[in-house]
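Position 1 is the first residue of the sequence, and the numbers go up from there. Both counts, for ligands and for their atoms, begin at 1 and track the order of listing.
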Amino acid sequence: MYKDIIKLVNGDITKIPEVEAIVNAANTSLEMGGGVCGAIFRAAGSYHLAKECKEIGGCNTGEAVITKGYNLPNKYIIHTVGPKYSTGENGEAERLTSAYYESLKLAKKKGIRKIAFPSISTGIYRFPIDEGSEIALNTAIKFLDENPNSFDLILWVLDEKTYIVYKEKYEKLIKE
Ligand code: APR
């Protein structure tokens with residue numbers, strides 16, 4: 001049902017001009033980090049992006065904020081903070097679900113119809129990729145079920161190893 005909207009690609013999220021917004025796997029202080037966050041800050045131009053992030057002041061885990069895209073080929077960056085994984089019994093799954101859901105909610109509010117996500121929390125924050133990929137795709141399905149016609153494209157841009165795991169889930173979860 002959503003195969004024409006939810007898509008996966010192996011690549012670099014800073015090089016996806018076809019979407020209006022890309023999502024950053026941020027930290028609560030909205031500072032430049034490593035991983036995809038570092039790549040996004042570098043590509044956007046870290047001086048201007050850091051300045052806007054500092055004005056916003058921070059973002060709680062499971063929430064999302066928006067900035068301009070600066071030198072990126074995208075108008076906006078949505079910054080969301082996924083959970084740091086510890087035992088799996090500290091609400092990690094709920095907070096990861098919330099990070100994706102709140103990003104989509106904010107994008108819809110801004111009139112964004114094409115958005116690209118990285119795999120949130122499954123890098124430095126060590127969320128298990130198997131469960132993390134399932135949460136990612138299921139949250140997009142849930143959002144589209146609740147908000148029909150809200151997006152034209154919800155794209156996951158993934159490194160090769162992550163892409164393989166998402167692809168397997170995708171075939172099971174996303175119907176024609
Ligand atoms: N494009 C797409 N995906 C990327 C890119 C890129 N340019 N660079 C890295 N990734 C992938 C990683 O391989 C991983 O699969 O993004 C995924 C998320 O990993 P992290 O960036 O480590 O994000 P996360 O686990 O959510 O940790 C967030 O890391 O950089 C800091 O400030 C950030 O403190 C926060 C923490």
Side-chain angles (χ1 to χ4, degrees), residues 6-54 56-67 69-74 76-88 90-104 106 114-137 139-140 153-170:
I6 301 172
K7 293 185 179 169
L8 312 177
V9 69
N10 172 212
D12 178 350
I13 201 164
T14 64
K15 296 186 174 119
I16 311 288
E18 63 266 34
V19 298
E20 299 139 79
I22 64 168
V23 178
N24 180 22
N27 50 67
T28 51
S29 47
L30 298 177
E31 282 168 357
M32 180 170 176
V36 71
C37 182
I40 290 173
F41 268 75
R42 275 191 298 277
S46 55
Y47 176 79
H48 292 290
L49 181 54
K51 192 163 175 275
E52 190 176 352
C53 282
K54 201 170 172 200
I56 294 168
C59 179
N60 292 327
T61 304
E63 295 179 5
V65 298
I66 193 163
T67 65
Y70 299 98
N71 296 334
L72 282 165
N74 321 97
Y76 299 109
I77 306 166
I78 289 177
H79 306 258
T80 192
V81 184
K84 287 181 192 153
Y85 196 86
S86 55
T87 59
N90 297 304
E92 288 97 331
E94 290 77 8
R95 286 183 293 147
L96 184 59
T97 303
S98 174
Y100 281 115
Y101 197 88
E102 290 302 313
S103 299
L104 290 168
L106 181 54
K114 294 183 183 182
I115 186 167
F117 283 95
S119 180
I120 293 163
S121 279
T122 65
I124 293 165
Y125 283 176
R126 304 180 70 84
F127 199 104
I129 176 76
D130 205 51
E131 192 188 348
S133 55
E134 214 167 287
I135 288 172
L137 298 174
T139 308
L153 176 63
I154 302 175
L155 178 69
W156 267 270
V157 186
L158 307 160
D159 63 73
E160 209 172 327
K161 217 174 87 196
T162 308
Y163 178 83
I164 293 165
V165 180
Y166 268 69
K167 186 76 180 162
E168 206 186 306
K169 297 284 175 204
Y170 185 89

Using a cut-off of under 3.5 Å, which N/O atoms of ligand 1 pair up with protein N/O atoms, and what distance separates each pair?
| residue | atom | partner | partner atom | Å |
| --- | --- | --- | --- | --- |
| ligand 1 | 1 (N) | I13 | N | 3.0 |
| ligand 1 | 7 (N) | D12 | OD1 | 2.9 |
| ligand 1 | 13 (O) | D159 | OD2 | 2.6 |
| ligand 1 | 15 (O) | D159 | OD2 | 3.1 |
| ligand 1 | 21 (O) | V36 | N | 2.8 |
| ligand 1 | 22 (O) | I124 | N | 2.7 |
| ligand 1 | 25 (O) | S121 | O | 3.4 |
| ligand 1 | 25 (O) | G123 | N | 2.9 |
| ligand 1 | 25 (O) | I124 | N | 3.1 |
| ligand 1 | 25 (O) | Y125 | N | 3.0 |
| ligand 1 | 26 (O) | S121 | N | 2.8 |
| ligand 1 | 30 (O) | G34 | N | 3.0 |
| ligand 1 | 30 (O) | G34 | O | 2.6 |
| ligand 1 | 32 (O) | N27 | ND2 | 2.6 |
| ligand 1 | 34 (O) | Y125 | OH | 3.0 |

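Counted by atom type alone, E63 and T80 present zero donor-acceptor pairs between their side chains at under 3.5 Å. Residues Y76 and T67 bring no donor and acceptor atom of their side chains to less than 3.5 Å of each other.
No more than 12 heavy atoms of other residues, nucleotides or ligands lie within 6.0 Å of CD in E168, so this atom counts as exposed by the packing criterion.
Remark: Y170 pairs with no residue by the ring pair (Phe, Tyr, Trp, His ring centres under 6.0 Å) rule, at least two apart or across chains.
Ring geometry for F127 against Y85 counts as perpendicular: the plane angle is over 60°, on a 0 to 90° scale with 30° as the lower cut.
Screening I115, N74, I13 for a side chain to side chain contact (heavy atoms under 4.5 Å, CB included) with V19, the sole residue that qualifies is N74.
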